[in-house]
There are 2 protein chains.
Amino acid sequence: MNHNLLLDSIAKHIHLDEEETALFLSFIQPKKVRKKQYLLLEGEVNRFGMFVTSGCLRSYNLDENGFQYIQQFAPEGWWMGDMYSLITQEPGHLYIDALFDSELLLISKTNLERLYKEVPKFNYYFRILAEKSLVSYQTRAMENLRLTAKERYEKFCLRYPTLVDCLSQKQVAAYIGVTPEFLSKMLHSEPELKP
Amino acid sequence: MNHNLLLDSIAKHIHLDEEETALFLSFIQPKKVRKKQYLLLEGEVNRFGMFVTSGCLRSYNLDENGFQYIQQFAPEGWWMGDMYSLITQEPGHLYIDALFDSELLLISKTNLERLYKEVPKFNYYFRILAEKSLVSYQTRAMENLRLTAKERYEKFCLRYPTLVDCLSQKQVAAYIGVTPEFLSKMLHSEPELKP
DNA sequence: CTGATCTCTTAACCTGCATTAACTATTTTG
DNA sequence: CAAAATAGTTAATGCAGGTTAAGAGATCAG
C-alpha cells in the first residue's frame, strides 16, 4: 500500500522521527473500495478518519424528497469523514461513498486519540487542517447565500479544475445546490461557462 | 479586567499550571469598544484573535450593492476573528464591529505563535475549537442551500435564543440571507414564527 | 425638543430557479 | 449484444424571495 502521499502531507507541517512514523503507520489500515460502495450511511457512527490515496470519495446529505446535497468531494490526497460524528461518536447525518474505485488509509477514532496522546504534535497537524477547512466552509456558507447559481458554478470550476471534467453534471449540480435541469439549461444558454 | 471567562473556557479542555497561566495572561491585552466601533475593515490584515468578555461583536461581508452578509455573531464567551486573514496574514474580506459596547481580550498573532511554541497543549485547545466551529459551518453551508428562508429563521431562533430578541430584524435578515422586507413579510404572514 | 437618520411595514411587480414531464443519449448490467 | 438504468436536454408552468417605492414608527444627535 502507498503511504507516501499521506506521509508527505504530514511532513509539510510536522517532522516525525522513525519511531513516530512507525507508530503512526501501525495505527493505519488500508482499504480498497469499488465505485458506488458506501463507507458511511446516515444514522451510523463514523469510527474512522479516511485519507484518499487514489480515486475519489463524496459526502452528502439527503433531504426528505431524496435530493442530494454534496458537502465534499475528496480526491487523492484529501481527508474525508463526518466530522460531527467523528468528534462526538454520535450517529451522523452524512452518507459517504466512492465516485470511482478508490484506495484509502483508515485511522480509527481510538487510534487517533492514542496518536494525540503519544505524539502530541499531531494536534498541530490536525489543528492546521481543521483551520484551513474551517476557512473554506466559512467562505462557502457565505457564498451559498450571496452568489447566484452561475457564480457558484464559476467558483466551483476555478476551485476544482481537475474535478469539474471528471464529474457528471448531476454531481456538480448537487454540489452547487441546483437541479440538474437548471444546470443543463445554464450551460447551454451561457456558452462561456463551458470548458 | 475579567479574564475568568476566558480561563474557564480554556480549563474545560486543558489544564494550565500557574506558570503557564501567567505566561498566557502576559500575552493577553484588554480592550473596550463602543457600539458601532470597527475592529477590522475589509482589506486589512487581522493581527489579533479576539475573545469577547461582554457585549457582542459581528463579522460580515459586503457585496457590490452594499448588502451585508453576516458570518458570525460573537456574544460573551466567544472567539472572533477573520480566520483566513489571521492564518495567512494576508488582507481579509471581513468587517468586524461591535453591536453593543463590548469588552474584549486580545491575543496578537505573534503571541499566539509564541504560545503554541511554549505551551504546545494550546494546539489541543484550538484544535478542538476549530473542529467544533468547522462542524457548525459545514452544517450552515449545507442548510443555506437546502432550507427555505423560513426554515433558516427557525434554526436561527433555536440556535441563538438569547440573540434573537436583542438583535434587530435587519441583523437577523442579514444572517439568514434574506432582505429585511422579506423577513418582515414572513413574520407577519406566519405568526407562529414570532416569540 | 426637533430634525435627521434608521428600522419596520405594506404592496405591486419581477426574476431565478424549481417542478413536471417527455424525450434522447449514454452507461451499466445480465 | 440487448435491455435496463442513468444522465442529459428542452420546454411549460409556478413560486420563493428580490426589487422598488412610499409611508410610519423608532432612535439618535445637535
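Chain naming here is simple, since letters A, B, ... match the order of the sequence lines and numbering starts at 1 in each. Values below: every heavy atom of this structure, side chains too, minus hydrogens, waters and symmetry copies.
- A:L99 has its CG atom 15 Å from the C1' atom of D:dT6, to the nearest Å.
- B:L187 places its CG atom 16 Å from the P atom of C:dT7, with the value rounded to the nearest Å.
- Under 4.0 Å is where a charged nitrogen must lie from a carboxylate oxygen, and between A:D101 and A:K35 no such pair does.
- Candidate nucleotides D:dG8, C:dT19, C:dT7 were compared by shortest atom distance to the side chain of A:K170, and D:dG8 ranks first.
- As rounded to whole Å, 13 Å separates atom P of D:dG25 from atom NE2 of B:H188.
- Between B:Q68 and B:L62, some side-chain heavy-atom pair lies under the 4.5 Å cut-off.
- As rounded to whole Å, 17 Å separates atom P of D:dA24 from atom CD of B:E181.
- Nucleotide D:dT6 holds its C1' atom 11 Å from the CD atom of A:Q171, rounded to whole Å.
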Report, one pair per line, the protein and nucleotides 13-18 of chain D atoms (nitrogen or oxygen only) whose separation is under 3.5 Å.
unit_1, atom_1, unit_2, atom_2, d
D:dG17, OP1, B:A149, N, 2.8
D:dG18, OP2, B:T179, N, 3.3
D:dG18, OP2, B:T179, OG1, 3.4

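- Under the 4.0 Å criterion applied to side-chain N and carboxylate O atoms, B:D97 and B:R58 are assigned as salt-bridge partners.
- Counting only distance, with no hydrogens or angles, the side chain of A:R140 and the backbone of A:Q71 share a donor-acceptor pair below 3.5 Å.
- Between B:W78 and B:Y160, the ring planes are tilted. Angles from 30° to 60° get that label.
- For B:S85 (side chain) and B:P91 (main-chain N/O), no donor-acceptor pair under 3.5 Å exists by modelled atom type.
- For A:S184, the side-chain atoms get nearest to D:dT9 when compared with the rest of D:dT9, C:dT10, C:dC8.
- The interatomic distance linking A:L167 (CG) with D:dA7 (P) rounds to 12 Å, in whole Å.
- Rounded to whole angstrom, the span from the OH atom of A:Y153 across to the C1' atom of C:dC17 amounts to 17 Å.
- At the heavy-atom level, A:K35 lies under 4.0 Å from the strands shown only through sugar-phosphate atoms.
- Going from atom CZ of A:R34 over to atom C1' of C:dT29 covers 13 Å, rounded to whole Å.
- A salt bridge links A:E113 with A:K109: the closest approach of a Lys/Arg side-chain nitrogen to an acidic carboxylate oxygen falls below 4.0 angstrom.
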